[in-house]
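Each chain gets a letter, A, B and so on, in the order its sequence line appears, and its residues count up from 1. Values below: all heavy atoms of this structure, side chains included; hydrogens, waters and symmetry mates excluded.
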Amino acid sequence: MTVRTRFAPSPTGFLHIGGARTALFSWAYAKKHGGQFILRIEDTDVERSTPAAVQAIMDGMHWLGLDYDEGPFYQMQRMDTYKKVLQTMLDKGTAYHCYSSKEELEALREAQTLAAAKPRYDGKWRPEAGKTLPIVPAGISPVIRFKNPQTGSVVWDDLVKGRIEIANAEMDDLIIARADGTPTYNFCVVVDDYEMGITQVIRGDDHVNNTPRQINMLNALGATVPQYAHLSMILGDDGQKLSKRHGAVSVMQYHEDGYLKEAVLNYLARLGWSHGDAEIFNMQQFCDWFDLDHITPSAAQFNTEKLSWLNAHYIKEANIDELSSDIATRLAALNIEVKLQPKLQDVLGLYRERVNNLNQLANDIAYFYALPQASASDIEKHITPEVKPALHELAGQLATIEWTAEAIHHEINQVVTRLQLKFPKIAMPLRVMLIGIAQSPSIDQVMALLGQKETLARIQTVLKY
RNA sequence: GUCCCCAUCGUCUAGAGGCCUAGGACACCUCCCUUUCACGGAGGCGACCGGGGUUCGAAUCCCCGUGGGGACGCCA
């Protein structure tokens, strides 16, 4: 049987880090086994679902390169199918109409909670051999409930958590269609997983409790039960649960925040899954290695520092043209236009080794294309009266030489030696004058890239004071 | 409250009864490299939640605690 997995988000918000990892694992599992990965949009909650959220989710998946083989399928467009199945179940007696009102149910729940019992439906309208049902009230449209078995238990071997057994006595008859006739989540999932031939359901931990109900419905439908793999959740950097109010951000935010998708992907893959000591691997390797056996069943805390470490690695590895185009975009956002000289690729070649973030990279090299603004304290600290003569002398010499890093280095050495100064004594003020801060790569290389004319102009500007 | 799940360095994890004196990675600390800041290199610090079993032998299996999390909607 060919493997078919799916990612089934509800379009009520962006694709966050947890959803992205679920999608990644489902995707990788399908790839690993030469199967299909399906995208299904669970939009039956009309109130909260939005087209913008659908777009946001697809944008996130697209950025990460999580391509799907089938879909997107929208549940709202599959109503006919659901209604047909609903009718079949009603006919077969595995589902029934329930006329209990929302108010009635709420009161019931309240009473049960008060009595410290598990809130659940009391089975008032559940048909039973020899049982007389209440009189159907006029003018009330009923909901449809699934007739869940009341004895025995549901057992499945979770591919992540192992054997899980839940007693049917713990479950009540869940509503599978609302009063307005629209089917609900657990029912749609069952019908879809069945009809789409899903073989492995890989989803979040929070669905563990839905699984036995879904298995019961699958059985009622005479369907093959897929395998289930429940992924534990991802906690925020602070160990707290991620929520809209606290720390949950779109994966696209990582793009904006200067992370390469390769880093995010590698990080996510390694969060809750491992392959021996492997830390750095590309998606091809990940798909080759991926298995459900090595997923940790416990929750994992997100660690931005490790993500940054991976980001640094992938910035070094990145294709230089792709990196350039990314950085040019970020510079544009800073209102800095990349000029022809120095070539952005060359500048990046000098800088990419030292950073772990693309925004930082753009920011660090901005001075090549825009005038830097040194702080008064840096100027005061480094451009002291005693080095000014040296700087003047150097400036004069630099105007005459061939403009290469070697020649510049040689020239600085000459001046330094002649005036009996330490190299940093002159390198630091040069940095402040040229770059605006006292930290940079090798100053001679920076100057070589900046160009003779620009370098001298910047030096003169400062020395005039 | 009921049910379900989880538990190894600060963090991500390796670990399938002897390869464990518990390994790797991030972070941190020290040193080296050095023209500053980084990068890089070499070291270091640092964990099996507690208690009972089972066994010749337990991080690993079982039970009980404890702690954390999840579910209990005409949400998904």
*Asks:* Looking for any heavy atom pair under 4.0 Å, which part of the strands does A:Val143 touch: base, sugar-phosphate only, or nothing?
*Replies:* base
*Asks:* With a 3.5 Å limit on both atom pairs, tell me what B:U55 is paired to, counting Watson-Crick and G-U wobble, or say none.
*Replies:*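 B:U55 is unpaired by these criteria.
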*Asks:* Let me know the distance between CE of A:Met233 and P of B:A76, rounded to the nearest Å.
*Replies:* 21 Å
*Asks:* Can you see whether A:Tyr121 has A:Arg145 sitting over its ring - NZ or CZ less than 6.0 Å from the centre and within 45° of the normal?
*Replies:*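 Yes, A:Arg145 lies over the aromatic ring of A:Tyr121.
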*Asks:* To the nearest Å, give me how far apart CG (A:Leu361) and P (B:C39) are.
*Replies:* 14 Å
*Asks:* Decide, for B:C39, between syn and anti: a glycosidic angle within 90° of 0 counts as syn, anything else as anti.
*Replies:* syn
*Asks:* Is B:U36 paired to anything, Watson-Crick or G-U wobble with both distances less than 3.5 Å, and if yes, which nucleotide?
*Replies:* none
*Asks:* Tabulate protein N/O versus nucleotide N/O from nucleotides 71-73 of chain B, keeping only pairs under 3.5 Å, one per line.
*Replies:*
unit_1: B:A71; atom_1: O4'; unit_2: A:Asn209; atom_2: ND2; d: 3.1
unit_1: B:C72; atom_1: O2'; unit_2: A:Pro119; atom_2: O; d: 2.9

*Asks:* Nearest to the A:Arg431 side chain among B:C5, B:C12, B:U36, which nucleotide is it?
*Replies:*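 The nucleotide sitting nearest to the side chain is B:U36.
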*Asks:* Using a 4.0 Å heavy-atom cut-off, does A:Ser274 contact any base of the nucleic acid, only the sugar-phosphate backbone, or nothing at all?
*Replies:*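 Touches sugar-phosphate only.
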*Asks:* Looking at RNA chain B, which of residues 441-451 of chain A put a heavy atom within less than 4.0 Å of it?
*Replies:*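 Result for residues 441-451 of chain A: A:Pro441, A:Ser442, A:Ile443, A:Asp444, sorted by number.
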*Asks:* Using the side-chain heavy atoms of A:Glu279, tell me which of these nucleotides is nearest: B:G24, B:C26, B:G1.
*Replies:*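 Comparing B:G24, B:C26, B:G1 against the side chain of A:Glu279, the answer is B:G24.
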*Asks:* Select base, sugar-phosphate, or nothing to describe what A:Thr296 touches, counting heavy atoms under 4.0 Å on all strands.
*Replies:*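 Result for A:Thr296 = sugar-phosphate.
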*Asks:* Of the options B:C5, B:A76, B:C74, whose atoms approach the side-chain atoms of A:Ala179 most closely?
*Replies:*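 From the listed options, B:C74 comes nearest.
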*Asks:* Which part of the nucleic acid, if any, lies within contact of A:Ala300, taking any heavy atom under 4.0 Å across all strands shown: a base, the sugar-phosphate backbone alone, or nothing?
*Replies:*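 It contacts sugar-phosphate atoms only.
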*Asks:* Polar atoms only, N or O, under 3.5 Å: list the protein pairs with nucleotides 40-46 of chain B and their distances.
*Replies:*
unit_1: B:G40; atom_1: OP1; unit_2: A:Lys316; atom_2: NZ; d: 3.3

*Asks:* State which of B:U2, B:C12, B:C6 makes the closest approach to the side chain of A:Leu271.
*Replies:* B:C12
*Asks:* If you take any heavy atom closer than 4.0 Å to RNA chain B, which residues from residues 149-159 of chain A end up in contact?
*Replies:*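 Heavy-atom cutoff 4.0 Å gives no residues at all.
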*Asks:* Under a 3.5 Å limit for both distances, which nucleotide forms a Watson-Crick or G-U wobble pair with B:G1, could you say?
*Replies:*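 The base-pairing partner of B:G1, which may sit in any strand shown, is B:C72.
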*Asks:* NA contact type, A:His409, heavy-atom cut-off 4.0 Å: base, sugar-phosphate, or nothing?
*Replies:* base
*Asks:* Using a cut-off of 4.0 Å on non-hydrogen atoms, how would the nucleic acid contact of A:Thr211 be classed: base, sugar-phosphate, or nothing?
*Replies:* nothing
*Asks:* Polar atoms only, N or O, under 3.5 Å: list the protein pairs with nucleotides 17-23 of chain B and their distances.
*Replies:*
unit_1: B:G23; atom_1: N2; unit_2: A:Asp277; atom_2: OD1; d: 3.4

*Asks:* To the nearest angstrom, how far is A:Asn266 atom CG from B:C26 atom P?
*Replies:*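 Taking CG of A:Asn266 and P of B:C26, I get 12 Å after rounding.
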*Asks:* For A:Tyr74, which residues count as a ring-ring contact (aromatic ring centres under 6.0 Å, His included) partner, sequence neighbours excluded?
*Replies:*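 Scan of A:Tyr74 (ring-ring contact (aromatic ring centres under 6.0 Å, His included), adjacent residues dropped) gives none.
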*Asks:* Applying a 4.0 Å non-hydrogen cut-off, can you work out what A:Lys161 is touching in the nucleic acid: base, sugar-phosphate, or nothing?
*Replies:*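 The answer is sugar-phosphate, as A:Lys161 gets under 4.0 Å only of primed atoms, P, OP1 or OP2.
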*Asks:* Please report the distance, rounded to the nearest Å, between CG in A:Asp364 and C1' in B:A38.
*Replies:*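 Value for this atom pair: 9 Å.
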*Asks:* As a test of reading the structure: which of B:C4, B:A76, B:C12 is closest to the side chain of A:Arg270, going by heavy atoms?
*Replies:*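 Looking only at side-chain atoms, A:Arg270 lies closest to B:C12.
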*Asks:* For B:A47, give its Watson-Crick or G-U wobble partner with both distances under 3.5 Å, or none.
*Replies:* none
